[in-house]
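Throughout, a chain's letter reflects where its sequence line sits, starting with A, and its residues are numbered from 1.
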There are 2 protein chains.
Amino acid sequence: MRQHITIKDIARIAGVSTSTVSRALSNSPELSEQTRQRILEICRREGYRVNALARSLICNKTNVIGLIVPEMTNPFYAELSLGIETHARSLGYNVILCNGQNDAKVTEELFGFLISHQVDGIILASSQQDAGTMIQKLAPRLPAVLLGTPALVSGDEVNSVCIDNLAGGRLAAEHLLELGHRDIVYLGNRPNSLTHQLRLRGFTEMMEKAGITPQVIDNPHGCSSIDIGCALSRKLFANGCSATAIFASTDSMALGVLQAADEYGISIPEDISLLGFDNIIYSALPKIELSTVDQRKQLLAEATVDLLTRIIDSDEQDEFTHRMIRPTLVSRSSCRASKK
Amino acid sequence: MRQHITIKDIARIAGVSTSTVSRALSNSPELSEQTRQRILEICRREGYRVNALARSLICNKTNVIGLIVPEMTNPFYAELSLGIETHARSLGYNVILCNGQNDAKVTEELFGFLISHQVDGIILASSQQDAGTMIQKLAPRLPAVLLGTPALVSGDEVNSVCIDNLAGGRLAAEHLLELGHRDIVYLGNRPNSLTHQLRLRGFTEMMEKAGITPQVIDNPHGCSSIDIGCALSRKLFANGCSATAIFASTDSMALGVLQAADEYGISIPEDISLLGFDNIIYSALPKIELSTVDQRKQLLAEATVDLLTRIIDSDEQDEFTHRMIRPTLVSRSSCRASKK
DNA sequence: CTGAAAGCGCTTACAG
DNA sequence: CTGAAAGCGCTTACAG
């Protein structure tokens, strides 16, 4: 860090006190317009920039929100981050974007980093079971919102925003049932993720109403990805798969299914229909054309930021809010009517 | 921001001065091991966390690097960011990741934000012509590295790291020539991007050696994307396209070409071969299988962070370094031998 | 080995 | 309308 020009330098040049410079900068009303303009002009000329560290230290407010996402390379989180950052900026907040790398230890360090830097609030995007507990433990007094997992269900005392995964699972089931599928695989259930359990429950409940018990394949890893989806599908296809449709727990997993299907000479949707969850941009590619459940990232992002800033402003910590967004089904060409 | 526990509180509890607590925390040698342990234990118990604002203010060092990328939703930058963050963390630096949103005004604001927050250095990832000038103007005294554009060529007094785009263009040309293509389109040249001009020059020079003049289609937008690639290709295909191969300026653009080709009933690679540039993860998808020039993001990321931290440590500002990484060709199935 | 004091760059009551 | 003074939470010479 090089020595910057300070308020003291400006004061000396202008022949006033540092208090006056400070007042000019913060648009304090108790100051003659003439003095203010003269000082601001000097600041401009000298390239003065307020030291946010010093200002925040004294104001006890940084106007910075910390955002932790589990992985930046997953386009779902990339798109979500963009929405959060844009909306936060429009409300006067800057966002420090942190990459948890799907690692509890890294995530814990990031909490420490953010708290040390006195952020006004934290958003933790996660579908991990213990995400709510993590917030409670690591940032007990800080305004925080859990994004992607319903804290209401987990019983943690934290605020949360997520889509209605139960409804999402139902939507998926309805779509496949309408297309006449009866032999169906749910691929990639993560037993340690509340989000994924709800997704699965909505799906199986709707299926069972139709007298169908889908085959469920668990994903033992802590995250979803193309590679994991591919590995699980290979195992499925290697043993001979009778199913006419696969519901993948996320779009990334579905992309992995596509890859494995390709290797095994299985055509999608000719041989097997494939349905995803998230609606990342790559699902819309012409060669992919993945039918999927849309998480409505824009709505999620705005609801999360709105909630967090409200908590920050209200200074209220005895009450917790849970907001759920309704998902929608996006039908493309990876699902078609069952021939059986 | 809620009131945190401070060094003063710890001092009171431990019955020592704040100086002693500070020394215990910073592992100062001039302190009895017993006292240190006792104080650290109290800090742990009370959940004390140093106020990074205050510490940085006094140390004149934040151990924070600012990273500005043009768009987070482009997987190339998402992957690059991940590499930068990981490597920086291993060197003791935290990264504030900022999304320039392909907007000069937003980018300028981000510079202000980062400088105000006293970052030790800035990385600007950009392929915009004026990126070097921007650094010079907005952060004249701050350690900075331009990533993705060769400042050496633009003549700006800034450090830079990028791949050898000239060589990348040549690699692309060689690959298509070897496959027997002679009627070739370069799609998506950005006249305002030095990076893209070099890429084009390497490509056309190699082509002209073989007596071929490729058709060049400009991208008038300030960035590359699936949508832009698709729009440009639609125009190309609508007018009837005789080319046997298309070299897209980036993988995102190539994905757009795939989409347009699909709409016009053009098969890739059967009718037209397609070559990209970047090697984003989605290019490896089975249904995509895009041949491309690899930017070697990991090497780029490490070289950039190493250079920046060296500048920060050295306090040297009279000398500028430019590092170039050699690209490689990744041959998948979107390119095949020309039938003509 | 430990403490009192000064100071990082800023803001804001408190006087005048 | 303007300035002197105190203070945000910390670190670090300077004494002892």
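At whole-Å resolution of the value, CD in B:Glu33 and C1' in C:dT2 are 16 Å apart. Atom P of nucleotide D:dG9 and atom CG of B:Leu25 are separated by 15 Å, given to the nearest angstrom. What separates CZ of B:Arg49 from C1' of D:dC10 is a distance of 17 Å, to the nearest Å. When rounded to the nearest whole Å, the span between CG of A:Asn51 and C1' of C:dG9 equals 6 Å. Distance A:Leu53 CG to C:dT11 P: 13 Å, rounded to the nearest Å. Here C:dC10 presents its P atom at 18 Å from CD of A:Gln118, a figure rounded to the nearest Å. The separation between B:Asn60 atom CG and D:dG9 atom P is 21 Å, rounded to whole Å. Remark: C1' of C:dC10 and CG of A:Asp9 are 13 Å apart, rounded to the nearest angstrom.
The closest donor-acceptor contact from the side chain of B:Thr18 to the backbone of B:Lys8 lies at 3.5 Å or more, if one exists at all. The closest donor-acceptor contact from the side chain of A:Asp306 to the backbone of A:Ala303 lies at 3.5 Å or more, if one exists at all. The backbone N or O of A:Val16 lies less than 3.5 Å from no partner atom in the side chain of A:Thr20, so there is not a single donor-acceptor pair.
With 3.5 Å as the limit, one finds no donor-acceptor pair spanning the side chains of A:Ser19 and A:Ser22. Checked by atom type, the side-chain pair A:Gln37/A:Glu41 shows no donor-acceptor distance below 3.5 Å.
Judged as a side-chain hydrogen bond (donor to acceptor under 3.5 Å, both in side chains), and not counting sequence neighbours, A:Arg38 has no contacts. Scored by the side-chain hydrogen bond (donor to acceptor under 3.5 Å, both in side chains) test, B:Glu46 finds no partners at all (sequence neighbours excluded). Residues that satisfy the salt bridge (Lys or Arg N to Asp or Glu O under 4.0 Å) test with A:Arg45, not counting sequence neighbours, are absent from this structure.
The strand DNA chain D forms stems, runs of 3 or more Watson-Crick or G-U wobble pairs with distances below 3.5 Å, at C:1-3 with D:14-16, C:5-12 with D:5-12, C:14-16 with D:1-3.
A sub-4.0 Å separation between OP1 or OP2 of D:dC10 and a side-chain N or O of B:Tyr48 is present. Phosphate contact (OP1/OP2 of C:dT2, side-chain N/O of B:Ser32, threshold under 4.0 Å): present.
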For residues 95-102 of chain A, which side-chain N or O atoms pair as donor and acceptor with protein atoms under 3.5 Å away, sequence neighbours left out?
residue: A:Asn99; atom: OD1; partner: A:Gln101; partner atom: N; Å: 3.1
residue: A:Asn102; atom: ND2; partner: A:Glu71; partner atom: OE1; Å: 3.2

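Of the listed nucleotides (C:dC1, D:dC8, D:dC10), D:dC8 has the atom at the smallest distance from the side chain of A:Leu57.
DNA chain D lies under 4.0 Å from at least one heavy atom of each of the following residues of residues 15-24 of chain A: A:Val16, A:Ser17, A:Ser19, A:Thr20, A:Arg23.
Counting any heavy atom pair closer than 4.0 Å across all strands shown, B:Ser26 reaches no nucleic acid atom.
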